[in-house]
2 protein chains.
Amino acid sequence: MSDGPTITTIAQRAGVSIASVSRVLNGLPTKAETERRVMSAARELGYVPNSVARSLKSRRSNQLGFAMADIGNPVYLAMIREIQPLLRAAGYRLVLHSTNADAADEIDVLRGLGERYIDGLIMIPLRVTGEHLKMFAAARAPIVVIGSVPEGTPVDNVRADSRAGVRLAVEHLHGLGRRRIGFVNGPLDTVPGAARSAAYAEAVRAAGLPYDADLVEVGDFYRADGARATARLLERVPDVDALLCANDLIALGALDVLRREGRRVPQDVAVAGMDDTDLATLAWPPLTSVSLGSAERGRAAAELLLDRLGEGERAPRVVTVEPRLITRASTIGEETP
Amino acid sequence: MSDGPTITTIAQRAGVSIASVSRVLNGLPTKAETERRVMSAARELGYVPNSVARSLKSRRSNQLGFAMADIGNPVYLAMIREIQPLLRAAGYRLVLHSTNADAADEIDVLRGLGERYIDGLIMIPLRVTGEHLKMFAAARAPIVVIGSVPEGTPVDNVRADSRAGVRLAVEHLHGLGRRRIGFVNGPLDTVPGAARSAAYAEAVRAAGLPYDADLVEVGDFYRADGARATARLLERVPDVDALLCANDLIALGALDVLRREGRRVPQDVAVAGMDDTDLATLAWPPLTSVSLGSAERGRAAAELLLDRLGEGERAPRVVTVEPRLITRASTIGEETP
DNA sequence: AAAGCCACTGTAAACGTTTACGGAGTTAGC
DNA sequence: GCTAACTCCGTAAACGTTTACAGTGGCTTT
């Protein structure tokens with residue numbers, strides 16, 4: 001009882017060979033009598049197949065990995081919520097890796113692919129280094145990367161269109177008559193940070209406004225950093241009349257500071273976030289935010305991975321999810337329907 | 001290249017036996033020359049050990065499971081954030097199961113223990129059925145249950161003290177002069193729902209107030225349900241002057257409804273939640289909430305599990321985490337320091 | 001110079017499955 | 001009644017490791 005029954009145990013009890021046991025358990029054609037004996041022996045013993053042995057033989061672990069920087073981030077959470085049921089329905093278990101945005105940890109996870117404990121991986125690297133690219137190329141199992149990856153990288157790729165997203169937000173704020181539109185960004189050496197930085201400069205000019213470096217402040221992608229960055233920006237440019245924040249957490253920090261300083265949102269300063277996480281509806285005032293389709297991206301990644309596991313070799317695909325602007329009181333005030 | 005190198009490949013290239021290769025790779029004493037040859041062969045081939053084969057031999061998967069109802073719930077999230085790094089530091093991978101509060105799914109996960117793909121499990125069952133107990137007793141790997149479990153169940157157990165928590169909140173509201181304290185609960189057939197229901201009745205009486213069934217409303221543990229339940233309660237008892245909500249999501253729903261109906265918080269109705277999730281600081285006004293120590297419970301569960309994996313047989317332990325009341329503007333108003 | 005010892009290495013078995021192959025028994029065909 | 005064909009089953013090999021055991025050769029010891 002301490003060591004569970006195996007097909008050998010069943011075979012002994014049923015008086016047949018282990019091959020017959022395996023055949024019965026896998027539903028291969030067998031004489032009714034044999035099947036009956038095996039099934040009842042299995043039931044009496046409380047047999048459960050050993051998935052490790054099965055994996056060794058089949059060379060498939062039935063596990064897929066998901067690696068992201070920080071499971072506390074609601075964006076990743078939204079993705080997991082889509083991914084988990086899809087994988088589960090396809091018969092895969094989910095192995096979770098939270099890497100703290102540490103490149104070495106990410107490389108470790110990629111190395112893990114070689115250990116064969118997962119059949120594939122969905123990864124969201126915050127920064128893509130040469131090491132990453134080398135591992136992608138050498139990987140012996142399919143990888144889907146969420147976030148942009150250089151042309152020609154042999155992985156499936158799901159992208160948000162930060163550029164279009166930032167443009168939507170800037171146009172919206174400009175359309176509301178705002179002319180001093182600040183931008184509170186995350187680190188410039190991250191994939192989203194860099195993309196959004198370039199997109200902001202472009203969008204501002206496209207709206208016919210001058211690009212003013214003083215209007216841009218950089219912190220990290222968390223609430224407290226957002227608050228600090230916003231405070232610096234307000235001190236430098238007191239007459240700012242709108243703030244675009246590179247994600248919702250930063251925007252929450254911005255709201256904290258504006259409230260503390262007694263500036264009214266949106267009358268004095270309109271605020272918009274990005275990612276349209278659940279937080280946006282919780283904030284006060286509710287936060288206008290650019291949805292970059294977190295759930296859709298998660299779903300797309302899972303579908304790409306499952307698809308490739310089914311099909312085997314195939315040219316890498318790129319899926320781009322379109323952004324949408326969700327307007328709420330933090331920019332348009334209470335007149336919400 | 002399509003099929004990775006194994007120790008056999010290395011053995012051939014290095015001109016030694018697979019036993020020697022294994023010994024070198026595991027750091028057992030070997031002649032320097034042999035070690036050199038094996039190591040360089042391994043490096044040239046880009047060898048990565050196959051963890052499945054290793055698991056089969058060692059009978060350990062180096063994976064631990066975490067099963068909860070819904071990964072979107074911030075309480076579970078807070079737990080995972082504690083659990084994941086601890087397990088990782090101890091050399092275990094985390095396999096995630098989101099069961100949608102479906103008892104059959106939970107049983108499936110428990111059956112999975114027999115498949116040996118995890119060495120242990122942390123589980124948060126919303127309801128504990130006889131089937132659960134049977135599986136707990138028959139399990140061939142250690143289980144830690146977060147949430148109460150009957151006396152004598154052979155699993156380690158981490159509990160929140162709902163009773164003390166509810167009492168803290170009721171005393172707080174009573175101390176603020178509130179006399180009509182409503183209670184918005186989740187389903188009574190769940191572990192926390194039942195516990196909090198009993199605790200509310202007890203706490204109200206202990207405060208010297210009459211127990212009034214009209215003041216209690218039941219929904220589910222989500223924001224929208226909380227809003228609906230609150231609306232029903234307000235209609236039935238318009239003069240309620242405080243609301244205790246069985247979790248923060250319900251409390252957010254309550255705030256939504258109160259705002260919509262134009263009741264001021266906390267002047268007209270004081271609101272308190274439970275769990276003290278991140279949401280509490282995001283809400284407007286910031287939400288007074290009873291912390292049931294989600295992070296601590298996650299940490300305790302991980303420690304119990306790791307401990308038992310180290311020690312082997314041992315009497316089941318019960319760890320109870322003390323609640324704390326975190327007061328914020330939703331009960332005490334703006335006069336916050 | 002024979003015996004014993006030691007350090008190192010190779011052979012083979014084991015972990016629990018799946019599956020190719022061939023043998024035994026049954027039925028059918030002539 | 002003999003062969004052919006078919007059904008069912010058992011033996012054994014394989015998946016990639018780890019490890020008990022025995023073997024090899026060189027040294028030391030007497």
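Letters A, B, ... mirror the listed sequences (proteins, then strands); counts begin at 1.
In this structure, I7(A) and T34(B) both approach DNA chain C, and ranking their closest nucleotides by distance from the 5' end singles out T34(B). Position along DNA chain D of the nearest nucleotide to A53(B) versus A19(B) favours A53(B) as the more 5'-ward residue.
Using a 4.0 Å heavy-atom distance criterion, T30(B) is classed as a sugar-phosphate-only contact. Nucleic acid contact for T6(A): sugar-phosphate only, since backbone atoms but no base atoms lie under 4.0 Å from a heavy atom of the residue. Heavy atoms of R59(B) sit under 4.0 angstrom from primed sugar atoms or phosphate atoms, though from no base atom. Within 4.0 Å of S20(B), counting heavy atoms only, lie sugar-phosphate atoms of the nucleic acid but no base atom. Here V52(A) lies out of heavy-atom contact (under 4.0 Å) with every strand.
Distance check, rounded to the nearest 0.5 Å: CG of L126(B) to CG of N73(B) gives 9.0 Å.
A salt bridge is absent between E296(B) and R299(B); no separation between the charged side-chain nitrogens and carboxylate oxygens falls under 4.0 Å.
Smallest separation of non-hydrogen atoms from P150(A) and L133(A): CD-CD2, 4.0 Å.
Per the geometry, NZ belonging to K31(B) stands 13 Å off C1' belonging to dG10(C), to the nearest Å. Atom pair R23(B):CZ and dA12(C):C1' shows a separation of 12 Å (rounding to whole Å applied).
Of the N and O atoms on the side chains of R60(B) and Y92(B), at least one donor lies less than 3.5 Å from an acceptor on the other residue. For the residue pair S22(A)/N26(A), the side-chain donor-acceptor check at 3.5 Å is satisfied.
Here the range on DNA chain D touched by chain A, meaning any atom under 4.0 Å from one of its heavy atoms, is dC8(D) to dG16(D).
For the pair L309(B) and P142(B), the minimum side-chain heavy-atom distance is below 4.5 Å.
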